[in-house]
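Notes follow the structure.
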Number of protein chains: 2
Amino acid sequence: MESSSAASGGSTRREATRQKLYEAAVTLIAEQGFSATTVDEIAERAGVAKGTVYYNFASKSVLFEELLRHGVGLLTASLREAAERTARDGGGKVDALDAMIRAGLVFIDRYPAFTQLYVAELWRTNRAWQSTLMVVRQEAVAVVEGVLREGVDNGEFSEEIDVPLTAAALVGMVLVAALDWKSFQPERSLDDVHAALSRLLQGRVSGCR
Amino acid sequence: MESSSAASGGSTRREATRQKLYEAAVTLIAEQGFSATTVDEIAERAGVAKGTVYYNFASKSVLFEELLRHGVGLLTASLREAAERTARDGGGKVDALDAMIRAGLVFIDRYPAFTQLYVAELWRTNRAWQSTLMVVRQEAVAVVEGVLREGVDNGEFSEEIDVPLTAAALVGMVLVAALDWKSFQPERSLDDVHAALSRLLQGRVSGCR
DNA sequence: GTTTTTGCACTGACCAGTCAGTTCAAATTC
DNA sequence: GAATTTGAACTGACTGGTCAGTGCAAAAAC
C-alpha cells in the first residue's frame, strides 16, 4: 500500500497525531513511570480518542519504544552537530567537549521530561524495550567516545584515560547536574550551569588553577 | 506478654522477614520498576506469604519508602565515614572527595540494584514517596556539599565554584560511571574505575597535566 | 472514496489489599 | 516437667477494582 509515497514527512495528519501522542506520553511517563501511566490518560492528554492510539501504534510498549528512538535521535543529532561545528571553527577537542556539554544542557532544558524518563529506564533489565534502549544509548555515548578518542590520538588528552568510562562519567555529570538544576533551582540560567560544569571539566575546581 | 522483652533489636523474627522482603523488593523493583512489580512477586521471592508483607508493612508504597530510607541511610553513613577518615588522617579536601568517590563506588558495587532503583525514582514527580525521597537525597548530597564548602573556606578549592551544582555533578559522575561499569563492563575492577574517575576529578584529562 | 479519527461498550487478565484461620515458641499454671 | 494458654507472626483464598486491548459503526478529514 505505501500510503504516502516516500518524500520525507509522511502523511501530515498522521504525523501530527503521533507527535501529540508523544508529547502527552512523555510527560505522563516521566512523572509516573511507564506502568503507572494508562493509555486512557495518554489519549486524554493528547486530546484524542483511545482508538486513535491503537490506530497509530501497535501497543503501549511500541508507542514508548518509538518515543525513545525519536527522543534519543534528537539528542544524538544535536551532540554530533555541536562536535562538528567546533571542528569546523578550528576548535580543539576540549572545545568540542565543552560544546557538547552545552548541547546536552540545551537538550535537557528543552526536553526535561524525556531526559527524566530516559534516565529512569536506562539501567533497568527485563523490560520489553531493553534492546531498543541499548542501541539508542550506544549511539549517543559513541559521539562522546569519538571525541575523546580523537583527542587522545592527537595528543590533546592523556593517553591514560579510559575512553568508555570517561565518556559515561561526563554524560553522568551533565545529566545529573542538569536534572538537579531543573528540579531544584530552575531559576538559574543555562550559562550559569554551563560555566560550573566547564570549570569542573577543566579541573579548575581542585588541582591546578 | 512482651514476647521477647525489649533489649534493642526488636523481635528478631520480624526483623529477619523485613530484611528478606527488602532484599526481594529491591531487585524486583530495580529490574521492573515499582508499578510493574507485584506484591505477590515480592512475597514469592522472599519465600513468604502475601499476608506477611501486609503484616509487616502498611502498603506496597510504605514498604518501598522504608526501603529507600534504609538504603540511603547506609550510603550516607558510608560517605560521612569516608570524609571523616581522611580528615583524621590529615588528608586535604581533595583526598576527602576522592575517598567519597571510592565509598560511592563500593556502595554501588555492593548494592547495584538499590542504586538503580534510586536513580530511576529520584527525579520523578507526583509520586507518593516524593517527600521521603527529597529528604533522603538531601542528606546524602549534603555530605558532598559540606566537603566542597570546607574546601572553599580553607582555600583548597576555587571560590568560584558553585557548591550545590558541583556536588550534583560529582554525584552524577560517580553514579553514571558506576552504573555503566556494572551494566556494561562488570569484569573491570573497582580500583580501575576509581582511578579513571580520580583522573577526571583532578583535571588530568584535559587542561593541565 | 480512502484514510483517519471518534466514541463507546466490552472482555479478560491481573493485582492491591483483606480477613478468617493456622502455627508455634515462649510464658504460665498445676 | 507436662499440660495449657497466649499472642505475635504468618498464611492464602478471596474481593473489588483497574486497565490493556478489541470491535465496530458512524463521522470527519483529505
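Chain letters run A, B, ... following the sequence lines, proteins first, then strands; residues in each count from 1.
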Glu31(A) bridged to Arg127(B) by N-O distance under 4.0 Å: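 No, this pair does not count.
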Of Lys50(A) and Tyr55(A), the one whose closest DNA chain C nucleotide lies more 5':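 It is Tyr55(A) whose nearest nucleotide is closer to the 5' end.
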Would you classify [X] as touching base, sugar-phosphate or nothing, given that sugar-phosphate means primed atoms plus P, OP1 and OP2, and contacts are heavy atoms under 4.0 Å?
| X | answer |
| --- | --- |
| Val53(B) | nothing |
| Ser35(B) | nothing |
| Thr38(A) | sugar-phosphate |

Please state how far atom [atom1] in [X] lies from atom [atom2] in [N], giving the value in whole angstrom units.
| X | N | atom1 | atom2 | answer |
| --- | --- | --- | --- | --- |
| Arg14(A) | dT6(C) | CZ | P | 13 Å |
| Tyr54(A) | dA20(D) | OH | P | 6 Å |
| Glu44(A) | dC19(D) | CD | P | 12 Å |
| Asn56(A) | dT4(C) | CG | P | 8 Å |
| Asp40(B) | dT18(C) | CG | C1' | 13 Å |
| Arg18(A) | dT5(C) | CZ | C1' | 15 Å |
| Gln19(B) | dA9(D) | CD | P | 16 Å |
| Ile42(B) | dC15(C) | CD1 | C1' | 12 Å |

Nearest-nucleotide 5' precedence on DNA chain D, Gly51(A) against Gly51(B):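 Counting from the 5' end, the first nearest nucleotide belongs to Gly51(B).
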Derivation and outcome, salt bridge (Lys or Arg N to Asp or Glu O under 4.0 Å), residues Arg137(B) and Asp180(A): CA-CA 11 Å; Arg137(B) 177 204 99 100; Asp180(A) 256 59; 2.5 Å; yes
Presence of Thr52(A) side-chain N/O under 4.0 Å of dT6(C) phosphate oxygens OP1/OP2: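 It does, given that an N or O in the side chain of Thr52(A) lies less than 4.0 Å from OP1 or OP2 of dT6(C).
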Gln202(B) and Asp98(B), any side-chain heavy atoms less than 4.5 Å apart: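 Yes, at least one pair of side-chain atoms sits under 4.5 Å.
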Between Tyr22(A) and Phe57(A), ring centroids under 6.0 Å: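 That pair passes the under 6.0 Å test.
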Options dC10(D), dA20(D), dA16(C), nucleotide nearest the side-chain atoms of Lys60(B):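 Within the option list, the nearest is dA16(C).
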Member of Val163(A), Val94(A), Thr166(A) meeting the side chain to side chain contact (heavy atoms under 4.5 Å, CB included) criterion with Phe157(A):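 Checked Val163(A), Val94(A), Thr166(A) against Phe157(A); only one passes side chain to side chain contact (heavy atoms under 4.5 Å, CB included): Val94(A).
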